[in-house]
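Every chain is numbered from 1, with letters handed out A, B, ... down the list of sequences.
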Number of protein chains: 2
Amino acid sequence: MSGGELKLVEVDEPDDHDYRLQEQVGFILRKAHQRHVSIFASQIGDLTPPQFAALAKLHDVGETSQNQLGTLIAMDAATVKGVIDRLKARGLVDLTKHEVDKRRLLVNLTPEGREAIERLIPLARAITQETLAPLTAKEAATFMRLLAKLA
Amino acid sequence: MSGGELKLVEVDEPDDHDYRLQEQVGFILRKAHQRHVSIFASQIGDLTPPQFAALAKLHDVGETSQNQLGTLIAMDAATVKGVIDRLKARGLVDLTKHEVDKRRLLVNLTPEGREAIERLIPLARAITQETLAPLTAKEAATFMRLLAKLA
DNA sequence: TCAAATTCATTCGTATGCAAATGATATCAA
DNA sequence: TTGATATCATTTGCATACGAATGAATTTGA
């Protein structure tokens with residue numbers, strides 16, 4: 001040891017070894033989303049969350065164009081097309097051309113689609129509850145408030 | 001009006017009209033995740049969050065099997081294979097067979113992979129910051145604590 | 001020891017999710 | 001009016017994401 005020297009070091013400049021993937025918001029967000037999708041699948045096996053969202057929104061607002069529906073449920077045009085195509089193939093929605101604006105494709109619930117979404121809404125409530133189950137009621141309220149600010 | 005009758009109704013049993021998709025945790029979780037991925041892409045254009053996660057974890061723990069890596073970054077075997085294949089195609093990782101256990105495929109960072117992840121970690125810190133920017137420091141801490149309980 | 005169970009990796013099929021390009025239609029503005 | 005813009009939908013290509021089936025190798029347990 002040649003002892004006695006002092007070194008200046010940047011103590012608050014984190015180096016690479018400080019980066020902990022497991023603590024990053026993006027990583028945990030992805031895991032939380034995975035868990036929710038898994039809970040969803042266990043309660044509603046024959047419909048995906050995006051498909052459910054499309055039906056629920058149609059039930060809420062009635063007839064809309066495919067693009068408009070996409071905006072309402074936060075899906076881009078390409079994604080919503082796939083979702084609607086699959087719902088149509090199962091007879092849960094039907095598609096008609098807009099009489100005036102020939103660019104638009106109008107989406108409607110079929111009677112089967114309406115029956116399905118009304119039957120599934122109680123299950124969706126249970127899914128929300130189960131997803132939030134690790135939190136107390138107060139924590140859940142706080143979490144939802146903060147999550148909404150991030151989204 | 002034949003007036004005067006009373007009806008029993010379930011006032012605390014919510015009907016279907018009460019279901020608001022936009023307020024469900026799953027829907028908002030999906031949107032928050034979308035926003036994060038978008039922020040990530042704006043800061044790190046040539047790597048996806050899963051690819052980054054794989055490199056960051058390899059940097060952290062060193063050589064591991066493909067399956068083990070998947071466990072560490074919360075990806076199933078099929079998904080992690082695709083991610084690793086693409087990283088290998090870009091020369092950021094290399095793959096070798098385990099000498100003893102011939103089932104295992106060992107994954108390692110290449111020098112290029114190490115250079116890349118060390119260069120990107122500061123950007124990843126910025127991504128985390130920007131994702132949490134809508135919250136105050138105190139809110140962010142609370143949010144992270146609750147999110148971790150959900151994930 | 002050896003048959004059963006487990007683990008690791010791969011493949012297939014299906015479903016988001018988004019960027020970019022394209023075509024048809026509608027709207028705006030000079 | 002018409003040329004530039006904007007909107008709606010579609011298509012292609014790429015990247016997760018996961019269930020299920022399969023095959024190879026290892027571990028377990030009777």
Derivation and outcome, ring-ring contact (aromatic ring centres under 6.0 Å, His included), residues Y19(A) and F52(B): CA-CA 12 Å; Y19(A) 185 80; F52(B) 176 87; 5.7 Å; yes
Spacing of R90(A) atom CZ relative to dT14(C) atom P, expressed in whole Å: 14 Å
Sugar-phosphate, base or nothing in reach of T79(B), heavy atoms under 4.0 Å: base
Pairwise distance CG(L21(A)) to CD(E23(A)) - rounded to 0.5 angstrom: 9.5 Å
Closest listed nucleotide, where the reference is the side chain of Q51(A) and the choices are dT26(D), dA19(C), dT16(C): dT16(C)
Protein-nucleotide distance (F40(A), atom CZ; dT16(C), atom C1'), rounded to Å: 13 Å
Closest-nucleotide 5' rank along DNA chain D - winner of Q66(A) and R30(A): Q66(A)
Whole-Å distance separating the CD1 atom of I84(B) from the P atom of dT11(C): 15 Å
Interatomic distance, L105(A) CG vs dA24(C) C1' [rounded to whole Å]: 13 Å
Short side-chain N/O contact to dT16(D) OP1/OP2 from T48(B), under 4.0 Å: yes
Sugar-phosphate, base or nothing in reach of V100(A), heavy atoms under 4.0 Å: sugar-phosphate
Check against salt bridge (charged side-chain N to carboxylate O under 4.0 Å, His left out), K57(A) and D60(A): CA-CA 5 Å; K57(A) 188 47 76 178; D60(A) 189 14; 3.4 Å; yes
Sugar-phosphate only, base, or nothing, as touched by S65(A) at under 4.0 Å among non-hydrogen atoms: sugar-phosphate
Phosphate-side-chain proximity, R103(B) and dT10(C), N/O vs OP1/OP2 below 4.0 Å: no
Touch class at under 4.0 angstrom, heavy-atom based, for D76(B) against every strand present: base
Interatomic distance, M75(A) CE vs dT10(D) C1' [rounded to whole Å]: 17 Å
Residue closer to the 5' end of DNA chain C, K102(A) versus N67(B) (nearest nucleotide): N67(B)
Between C1' of dA17(D) and CD1 of I73(B), the distance in whole Å: 13 Å
Rounded interatomic separation in angstrom, taking NZ from K97(B) and P from dT26(D): 12 Å
Touch class at under 4.0 angstrom, heavy-atom based, for V83(B) against every strand present: sugar-phosphate
Selected nucleotide, minimal atom distance to Q34(A) side chain, candidates dA19(C), dC18(D), dT11(C): dC18(D)
Charged N-O contact under 4.0 Å between R90(A) and D46(A): yes
Along DNA chain D (nearest heavy atom to each residue), the more 5'-positioned of R104(B) and H33(B): H33(B)
F143(B) with V37(B), same ILVMFWY side-chain cluster at under 4.5 Å: no
Rounded interatomic separation in angstrom, taking CZ from F52(A) and P from dT16(C): 14 Å
